[in-house]
Colleague: 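Sharing a structure below in structure tokens format, with a few things to ask.
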Amino acid sequence: KPNFNSADEAPGSTHPDVLRALLASMSDLGARSSTLADRSGMGDTRQVMQQMGVFDLAKAFGFETVVLDELPEDAWEIFDGDGYHWKHGFPVPKMLLEAERVVQTCNLKTHRYGGHFTLSLKNSVGLVGKHYRSYNYMSELHATDDQRRMIAEVNAAYRPALIVMDGVEAFVKGGPAAGTRAATNVVIAGTDRVAIDAAGVAILRL
């Protein structure tokens, strides 16, 4: 799961070099197959992937690509829980729940539209279906004061095996597609999304 919310260059979206390094590392670790999946929030997902060179990279490295917007209705599962702030739960792709390992790569940046920052937790929103059975889940998310709680709840649907945060360059104001840049010169990797985001927020504050 990369960050292809838009086709803007890093840190607006995942840098192609990050994907190359991840794919090479996963291959060295024995991964037999890989699938890249995402849903854009600020553009047509297939066009965003095309502009970012994802499909060319897929041919070079031999991984599968999935445009989540194009999945059929029966490829989704509603995830819900007691006390959740989503009115009807939220749809996640079954392939996410069935994957042997999930690797997520995110960017280090502020977010002017809601959530305050986009790190690993908010990157998971791109795994939620926008429309499902005539309901717009993203309209619900962006029209509520509970947005940050709902972002946290999305992350209960899965547990990543690895998170890699590209903080070589960050947006310290604005975001998620464009903003004030800073050369933060860090890459943070781990398995705990909360710890990753806490470190990322500390860097943004500096």
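Not measured: the values here are computed from a predicted model.
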Colleague: Give a yes or no on whether the backbone of P160 and the side-chain of Q104 come within a donor-acceptor separation of less than 3.5 Å.
Modeller: no

Colleague: For residues D166 and H15, is any side-chain donor paired with an opposing acceptor at under 3.5 Å?
Modeller: no

Colleague: Enumerate the ring pair (Phe, Tyr, Trp, His ring centres under 6.0 Å) contacts for residues 19-69, please, sequence neighbours excluded, ordered by first and then second residue.
Modeller: none

Colleague: May I ask you to say whether E70 pairs ionically with K130, meaning some side-chain N is under 4.0 Å from a carboxylate O?
Modeller: no

Colleague: In plain terms, say whether E77 and K94 are close enough for a salt bridge, that is, a side-chain N and a carboxylate O under 4.0 Å apart.
Modeller: no

Colleague: Can you name the salt bridge (Lys or Arg N to Asp or Glu O under 4.0 Å) partners of E100, sequence neighbours left out?
Modeller: R32

Colleague: Is a side-chain donor or acceptor of R193 paired with a backbone partner of N155 at a separation under 3.5 angstrom?
Modeller: yes

Colleague: Any salt bridge linking D38 with K1? Criterion: basic side-chain nitrogen under 4.0 Å from a carboxylate oxygen.
Modeller: yes

Colleague: Do side-chain atoms of T110 reach the backbone of G174 as a donor and acceptor pair under 3.5 angstrom?
Modeller: yes

Colleague: Can you find a heavy atom in the side chain of V66 that is under 4.5 Å from one in the side chain of L68?
Modeller: yes

Colleague: Taking the ring of Y113 and the ring of H142, is the distance between their centroids below 6.0 Å?
Modeller: no

Colleague: Run the salt-bridge test on R133 and E73 with the 4.0 Å N-O cut-off and return the result as yes or no.
Modeller: yes

